[in-house]
Q: 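I am attaching a structure below and will ask some questions about it afterwards.
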Amino acid sequence: MNGAQDMGGQMGFGPVAPEADEPLFHAAWERRVLALTLAMGATGQWNIDASRHARESIPPADYLSKSYYEIWLAGMEKLLAERDLVSPEELDAGKALTPPRELSRILKAEDVAATLAKGGPADRPVDREALFGPGDAVRTRIMHPVGHTRLPRYARGAPGVIERVHGAHVFPDTNAHGLGENPQWLYSVAFKGTDIWGPDSDPGLSLRLDLWEPYLERT
Amino acid sequence: MSDHQHNDHENHHHAHGHSHDHDHSELSETELRVRALESILVEKGYVDPAALDALIETYETRVGPRNGAHVVAKAWSDPAFRDWLLRDATAAIHSLGYIGRQGEHMVALENTPQLHNVVVCTLCSCYPWPVLGLPPVWYKSAPYRSRVVRDPRGVLAEFGTTLPETTGIRVWDSTAEVRYLVIPMRPEGTEGWNEERLAALVNRDSMIGTTLATSPNELAAAGDPS
């Protein structure tokens, strides 16, 4: 969706401000949000694409006024409410008002190391050949889906060249909405800066994006 | 489980990477909400408090840019490892024990005098956790995500990094689950250095591509004992 999260090429945010000797967290609650997000993710009640979509669905004015962990918190609250795990009323009350749902997976302390080490590989076997190979000229589709997508606005309708075939990966556009992993071939696609930004582009700029086959058409 | 909730309050610099300034009452509201959420999740049995502590401990003490510096220093000093890293970064990095969440599919990008690589995630904050740890605020911020794809030289200048005009810049937008690690150029004057000494030159931002590796002179000026 064309939400506030899709920032590539937006203007007016000012300079980047790297912080010397930056602490890992800027407030104690940030580390709790990180841990809660990972622990609830491990219950399998939603996948990584659904959690990205929950964050990008935050209305733009809210999204842009929140710090990063505040965005994570808002996304988690939304997912918890949608899945009848924790209601907004419970959050306001600060305590459980309804019995818990039975979850098949709860992350235990002794399983944390193994769970993190296992991660969540996104590659999947598929029984069809990749449509494109290295060197093929493609164009990204012009599309503005109301649901989740990983084709940024700045790179839509642009000519590029397939550089690498990563394999078939879970397709976020369906997976985010509970419509299945629907694995699709994933490519690293090369773009010239001038084909994205026009004549104002830094002439020495090129870009690489990882794009799924349904985002691309042959030229 | 709540005795560690206030211990880094003095570290709060309000540096959330954007212009919105949180006043104290707003901050407290967020803190209270997080505390309420945690207590409900524990009360309902959805999360194990000990698991939360184990998760935090992992990213505070075990996983960070030192891991990536080890990978880069090994690539600088061992040509066979460098070749493996460029050919199959996932396997090469996993061989050093850096594995798992947000590092399942790795690609290494080698900087050269002709080509400089920079990594971003314009859509969220994708970052190679097993080798670099959790991303800094600037990496997740609107200024970086919006501008580095369009004006990378301008963004690099804000890090004090100036590249020759003849050096091309390749920006990698991490739109999928593939994660990128930049191998900065090995600084001059490091002939004969072993892996451990070299690793001290590999600063975090050089593995994202916004800075160069630290030079031996810069390291000495910073007073590093190694």
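Just so we're on the same page: letters track the sequence lines, and every chain starts at 1.
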Q: Using a 4.5 Å cut-off on heavy atoms from C-beta on, say whether the side chain of B/V119 contacts that of B/Y139.
A: yes
Q: Among B/G100, B/A50, B/G64, B/P135, single out the residue with the greatest number of heavy-atom pairs under 4.5 Å to chain A.
A: B/G100
Q: Please classify the contact of A/L85 with chain B as side chain, backbone, both or neither, using a heavy-atom distance under 4.5 Å.
A: both
Q: In a table with atom names and distances, give each donor-acceptor pair under 3.5 Å that connects a side chain of residues 107-119 of chain A to protein atoms at least two apart or in another chain.
A:
from   : atom 1 : to     : atom 2 : distance (Å)
A/T115 : OG1    : A/D111 : O      : 2.7

Q: Taking atom types as modelled, find out whether A/D173 and A/T149 have a side-chain donor-acceptor pair closer than 3.5 angstrom.
A: yes
Q: OG/B/S125 to CD/A/Q5 distance, rounded to the nearest 0.5 angstrom?
A: 12.0 Å
Q: Between B/E43 and chain A, which part of the residue has a heavy atom less than 4.5 Å away: side chain, backbone, both or neither?
A: side chain
Q: Chain B: which of A/P18, A/G9, A/A155, A/P152 shares the most heavy-atom pairs with it under 4.5 Å?
A: A/P18
Q: What part of B/L41 gets within 4.5 angstrom of chain A, counting heavy atoms only: side chain, backbone, both, or neither?
A: side chain
Q: Check whether A/R101 gets within reach of chain B through its side chain, its backbone, both or neither, counting any heavy atom under 4.5 Å.
A: both
Q: Less than 4.5 Å to any heavy atom of chain B: does that hold for the side chain of A/I196, its backbone, both, or neither?
A: neither
Q: Side chain to side chain donor-acceptor pair (under 3.5 Å), that's the test. Do A/Y187 and A/E163 meet it? Break it down for me.
A: CA-CA 7 Å; A/Y187 306 91; A/E163 192 168 73; over 6 Å; no
Q: Under 4.5 Å, counting heavy-atom pairs only, tell me which of A/G12, A/G14, A/A17 racks up the most with chain B.
A: A/G14
Q: A quick test of your reading: do over 12 heavy atoms of other residues, nucleotides or ligands sit less than 6.0 Å from CZ of B/R153?
A: yes
Q: Does any heavy atom of chain A fall under 4.5 Å from the side chain of B/V107, the backbone, both, or neither of them?
A: side chain
Q: Parallel, tilted or perpendicular: which describes the rings of A/Y69 and A/W29, with under 30° parallel and over 60° perpendicular?
A: perpendicular
Q: Hey, which of A/P99, A/G3, A/G204 has the most heavy atom pairs under 4.5 Å with chain B?
A: A/G204
Q: In terms of side-chain geometry, is the basic nitrogen of A/R52 or A/E56 positioned less than 4.0 Å from the acidic oxygen of its partner?
A: no
Q: Is it true that B/E57 and B/R62 make a salt bridge, defined as a side-chain N closer than 4.0 Å to a carboxylate O?
A: yes
Q: Under a 4.5 Å cutoff for heavy-atom pairs, which residue among A/L97, A/V170, A/L36 has the most contacts with chain B?
A: A/L36
Q: Would you check if B/V118 and B/V182 make a side-chain contact, meaning some heavy-atom pair closer than 4.5 Å?
A: no
Q: Chain A contacts: which residues in residues 162-174 of chain B have a non-hydrogen atom closer than 4.5 Å to it?
A: B/G168, B/I169, B/R170, B/V171, B/W172, B/D173, B/S174
Q: Would you call the rings of B/Y144 and B/F159 parallel, tilted or perpendicular, where under 30° means parallel and over 60° means perpendicular?
A: perpendicular
Q: Should the pair A/W212 and A/Y215 be assigned to parallel (<30°), tilted (30 to 60°) or perpendicular (>60°) ring geometry?
A: perpendicular
Q: Heavy-atom pairs under 4.5 Å with chain B are the metric here; pick the option from A/L103, A/L91, A/D6 that has the most.
A: A/L91
Q: In terms of heavy-atom pairs under 4.5 Å, which option from B/E177, B/R150, B/Q102, B/E158 contacts chain A the most?
A: B/R150
Q: Chain A: which of B/A36, B/G103, B/P136 shares the most heavy-atom pairs with it under 4.5 Å?
A: B/P136
Q: Taking atom CZ as the centre, does A/R153 end up with more than 12 heavy-atom neighbours from other residues, nucleotides or ligands that are less than 6.0 angstrom away?
A: yes
Q: Any ion pair linking A/R32 and A/E30 (charged N to carboxylate O, less than 4.0 Å)?
A: no
Q: Tell me, yes or no, whether the heavy-atom count around A/K192 atom NZ, taken from other residues, nucleotides or ligands under 6.0 Å, exceeds 12.
A: no
Q: To the closest 0.5 Å, what do you measure between CG (B/L86) and CD (B/E110)?
A: 5.0 Å
Q: Let's test your reading of the structure: which of B/V120, B/I99, B/V63 forms the most heavy-atom pairs below 4.5 Å with chain A?
A: B/I99
Q: Could you tell me which portion of B/Y180 (side chain, backbone, both or neither) has an atom closer than 4.5 angstrom to a non-hydrogen atom of chain A?
A: side chain
Q: Side-chain contact, heavy-atom cut-off 4.5 Å: B/V137 with A/Y68?
A: no
Q: Among A/S201, A/G94, A/P121, single out the residue with the greatest number of heavy-atom pairs under 4.5 Å to chain B.
A: A/P121
Q: Examine whether an atom of A/L207 lies under 4.5 Å from a heavy atom of chain B, and if so say whether it belongs to the side chain, the backbone or both; otherwise answer neither.
A: both
Q: What part of A/L205 gets closer than 4.5 Å to chain B, counting heavy atoms only: side chain, backbone, both or neither?
A: both
Q: Side chain, backbone, both or neither: which part of B/P152 has a heavy atom under 4.5 Å from chain A?
A: side chain
Q: Quick one: of B/T210, B/T122, B/D151, B/L37, who has the most non-hydrogen atom pairs under 4.5 Å with chain A?
A: B/T122
Q: Which region of A/F191, side chain (C-beta onward) or backbone (N, CA, C, O), has a non-hydrogen atom less than 4.5 Å from a non-hydrogen atom of chain B, or is it both or neither?
A: neither
Q: So for A/L209, is it side chain, backbone, both, or neither that comes closer than 4.5 Å to the heavy atoms of chain B?
A: both
